[in-house]
Protein chains: 2
Amino acid sequence: MTRYSGQSRMLVAVDCIIFGFDGEELKLLLIKRGFEPQKNKWSLMGGFVQADESFEAAAARILNKLTGLEGVYMEQLFAFGEPARDPVERTVSITYFALIDINQYKLQINDEYHAEWISLDKLPDLIFDHTEMVKMAQEKLRYKAAIHPILFELLPLKFTIPQLQLLYEAVYDVTFDKRNFSRKVLSTGLLIKQKDKDRLSSKRGAFYFKLDKRKYNAKFNAFLNFVTDPGNLR
Amino acid sequence: MTRYSGQSRMLVAVDCIIFGFDGEELKLLLIKRGFEPQKNKWSLMGGFVQADESFEAAAARILNKLTGLEGVYMEQLFAFGEPARDPVERTVSITYFALIDINQYKLQINDEYHAEWISLDKLPDLIFDHTEMVKMAQEKLRYKAAIHPILFELLPLKFTIPQLQLLYEAVYDVTFDKRNFSRKVLSTGLLIKQKDKDRLSSKRGAFYFKLDKRKYNAKFNAFLNFVTDPGNLR
DNA sequence: CCAAAAGTGTTGTTTGTACACCCATGT
DNA sequence: ACATGGGTGTACAAACAACACTTTTGG
């Protein structure tokens, strides 16, 4: 037996929802689509999965082509497959969302794709079902970040607690009491205080912290006790 | 433009991880694969996505073909796409997990597929990457059920609190204190006490409860402790 | 010396956990 | 009358939320 007979085959694409945080707002890295249909419309960065390529490899390749980055946090979001989602021909899209430190990719915008960081509050219309993808990614980010310490992926290696708080406030569009916030974050034991301070955003300066990678990996599934015990209903 | 050129097209399948609960154990509905390769090996129920069919429609069709049921709780789990996951030719699998009331499909096992309910503790080897799919589904079920009241989908319309507790204990493989469990469950306000009792499993009999559908829907996405959502009913 | 952001402590409230007894009924 | 599972109450511990003042330093 060499093939399954009588079945239709489809194109499979990967699209990347790429988040960044500039210290004030959550942003998405979008491109201007380079080919028809919908050429020059805003779009997620994407590409077709090659014959011999896994989804993860395709997603990493596509992200790397745009940003030059490797080892970025990525996670499969959802498979979109409405028959008519791409008007040209049936194309399935496996979406991945990525969290990157915006400082690692800020200026060297790849001219080939006319990429830009665009605030989530001011999203333009996107092609096809990409707006839906973004919306789902944002929901998943909120959902997941409430339980797992993934937002650190959006920050530089060294960051301050006020920066971290601004990030959480941007993600959830709320404000937190700084005393409670810092106590809660420090109580996880995931942060290692540095000797130096960030002196840019205040006169007094705020101490830098680094993630404790070991505890990060160990605690990934039990961060802020947002899921307490498995028997926790409600 | 009628097609994208120079790209490879792939088969797209849907595989269903179907959970049921018999009052004691969590079970999966598995079939014996009816065609080569791996004919007669244990497998998830699956099928190819048709040219004109969405993933959800395909999943519902496949589940219905096996069980005859409609309106079942289903949720996309993950897209599996390793290039060699199916040795015949490249096939992408979009997996769905389903939660069904086992009593609605207990005896009328569809002979065509040689389906059986098999305890998760005694899983046989499955074809291809289906074991990995099951493992991921079980993790997701635990994860999600800790936050959302989805396990009710595994119970009949009327159920008792001891039954519900047995279900949670089976899902998480732990035991709970019945006093704390019942207080916690009742405090959600999701349960409506019925006038009649289940008299099968004890002499005294246990009151039946029904889900309050309205609150269920309202609360489904209101998750916990982080952003104290004003709309979050307690 | 003062504006602006960092940092820290206490208290009351809520939620969670551990634990023991009485109840209703079929046999 | 007793064995079996159903149902409830209480007390202690942990987590959370609300809230105000002092510190540092660049201008």
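By convention in this document, chain letters (A, B, ...) are assigned in the order of the sequence lines, proteins followed by strands, and residues within each chain are numbered from 1. Computed over heavy atoms, backbone and side chain alike; hydrogens, waters and symmetry mates excluded. This one's a predicted model, so the numbers in the text were calculated from it and none came from an experiment.
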For atom [atom1] of [X] and atom [atom2] of [N], their distance in whole Å:
X        : N      : atom1 : atom2 : value
B:Phe181 : C:dG16 : CZ    : C1'   : 15 Å
A:Leu166 : C:dA5  : CG    : P     : 11 Å
B:Arg199 : C:dC23 : CZ    : C1'   : 13 Å

key: For A:Arg179, all residues meeting salt bridge (Lys or Arg N to Asp or Glu O under 4.0 Å), sequence neighbours excluded   = A:Asp177

Test item: B:Tyr168 side-chain N/O and B:Leu151 main-chain N/O as donor-acceptor pair under 3.5 Å = no

Who passes side-chain contact (heavy atoms from CB on, under 4.5 Å) against [X], sequence neighbours left out?
X        : value
B:Glu82  : A:Ser54, A:Glu56, B:Arg85
B:Ala206 : B:Thr160, B:Pro162
A:Gln165 : A:Glu169, A:Phe176, A:Lys178, A:Phe181
B:Gln76  : A:Phe78, A:Ala79, B:Phe55, B:Ile94, B:Tyr96

task = Name all pairs fulfilling the ring-ring contact (aromatic ring centres under 6.0 Å, His included) condition that reach into residues 190-214 of chain B, sequence neighbours left out, sorted by first residue then second.
result = none

Return a table of donor-acceptor pairs under 3.5 angstrom between the side chains of residues 130-137 of chain A and protein atoms on other chains or two or more places apart.
residue	atom	partner	partner atom	Å
A:His130	ND1	A:Leu44	N	3.1

Taking only nitrogen or oxygen atoms into account, show me every contact under 3.5 Å that the protein makes with nucleotides 8-10 of chain C, one pair per line with its distance.
residue	atom	partner	partner atom	Å
C:dG9	O6	A:Arg183	NH2	3.0
C:dT10	O4	A:Arg183	NH2	3.3

query = Counting only non-hydrogen atoms, which of residues 202-212 of chain A are less than 4.0 Å from DNA chain D?
reply = A:Lys203, A:Arg204

